[in-house]
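In what follows, a structure is listed as structure tokens, so that the remarks can point back to it.
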Amino acid sequence: MGRIQAEHRRSNDTAVLDIAPVAGRIGAEIRSVKLGGDLDDATVAAITAALVRYKVIFFRGQHHLDDDAHEAFAARMGQPLRHPTVPPTPGSKFLFPLDSKEGVPANEWHTDITFLPAFPAASILRAMVIPPVGGDTLWTNTATAYDDLPSSLRAMADTLRAVHSNAHDYSTHYTDASQQDIASKTSTFAMTKYETEHPVVHVHPVSGERALLLGGFVRKITGVRHEESARIYQLLQDQITRPENTVRWRWAVGDVAIWDNRSTQHRAIADWGDDRRVLRRATIAGQVPIGLDGNPSRVIAL
């Protein structure tokens, strides 16, 4: 009960929570909950239902969480997933390190780890060191982005598939990073090449919503020339990142954000200069997406 992969629950199952929506289409703050591995089943189920409904949920003041408690809570939300190429935070089992002093920031719109066939269902991000100014994170709702497509574009998107890969030219996206950091990021992140072809529109396994599945790991749209692929991708990606679909979170130390990775993209805003920004992320395993034609994603290289 309460697992990310559980059946969709009635909206009144969130009634046990104090929920304050943050933006019109995505995002809500949940108050008066102390996250941890000892949460009761009813609260975990309500958090899961709120996650599916609001796409990203925020918890302030979770100062009691350390790496062990973060991992214990993640295990209550589903099966934790270790990143396939990046080593976990030292001393942890599966926490992904995000430290501005040790690499380039994730300031490109993306859905986590979509180069895997069963990409993550959710991520749980905890703020540890936050700069005095800057360093916010943006999320966007890929389901409302799909709903807002004109019918002709929606019909086209319904038939498309795209190749996602961790083989990534970081220099084209992280222009403010040093060449040394870019080389280090590339060698670590893409030490093993993964490629998966996903449907551009997939069906959310819990809510049944249709959502666009794109983001920074897309290398090409299948079956079209490079130039056409780039134009189609940008047309749909621009729809996803329209301001109406987004929410922005100003971090404070102790904040936790949980997002439904199946119906969102996100990006950091790398405007904190030389200050330090440190967060830890737990990732929850997902399942292979299914397109509108009933066909699942397929592995190209793994």
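Residues: numbered from 1 along the sequence shown.
No hydrogens or angles considered: a donor-acceptor pair under 3.5 Å links the side chains of Ser123 and Asp112. Side-chain N/O atoms of Thr222 and Glu197 include a donor and acceptor closer than 3.5 Å. For the residue pair Asn245 / Thr144, a side-chain donor-acceptor distance below 3.5 Å is found, with atom types taken as modelled.
Partners of Glu195 under the salt bridge (Lys or Arg N to Asp or Glu O under 4.0 Å) rule, at least two apart in sequence or in another chain, are Lys193. Partners of Asp68 by salt bridge (Lys or Arg N to Asp or Glu O under 4.0 Å), not counting sequence neighbours: none found. Residues satisfying the side chain to side chain donor-acceptor pair (under 3.5 Å) test with Asp66, not counting sequence neighbours, are none. The side chain to side chain donor-acceptor pair (under 3.5 Å) search around Ser297 returns His198, not counting sequence neighbours. Take Asp136 and apply the side chain to side chain donor-acceptor pair (under 3.5 Å) test, not counting sequence neighbours, and it matches Arg248. Considering only residues two or more places apart in sequence or on other chains, Thr264 meets the side chain to side chain contact (heavy atoms under 4.5 Å, CB included) condition with Ile26, Lys55, Trp259. With sequence neighbours excluded, no residue forms a side chain to side chain donor-acceptor pair (under 3.5 Å) with Thr196. Qualifying salt bridge (Lys or Arg N to Asp or Glu O under 4.0 Å) partners for Arg25, counting only residues two or more places apart in sequence or in other chains: Asp148.
Other members of the cluster containing Ile300 are Val163, with ILVMFWY side chains joined at under 4.5 Å, either directly or via other members. In the hydrophobic clustering, where aliphatic and aromatic side chains (Ile, Leu, Val, Met, Phe, Trp, Tyr) are joined below 4.5 Å either directly or transitively, Leu213 groups with Phe119. Residue Leu214 belongs to a hydrophobic cluster whose other members are Tyr146, Leu149, Leu153, Met156, Leu160, Val200, Val201, Val203, Leu212, Val218, Ile221, Val224, Ile232, Tyr233, Leu235, Leu236, Ile240, Leu292, with links defined by side-chain heavy atoms closer than 4.5 Å.
The stretch residues 78-88 participates, sequence neighbours left out, in no salt bridge (charged side-chain N to carboxylate O under 4.0 Å, His left out) pair at all.
Between Arg250 and Asp255 there is no salt bridge, since no side-chain nitrogen of the basic residue lies less than 4.0 Å from a carboxylate oxygen of the acidic one.
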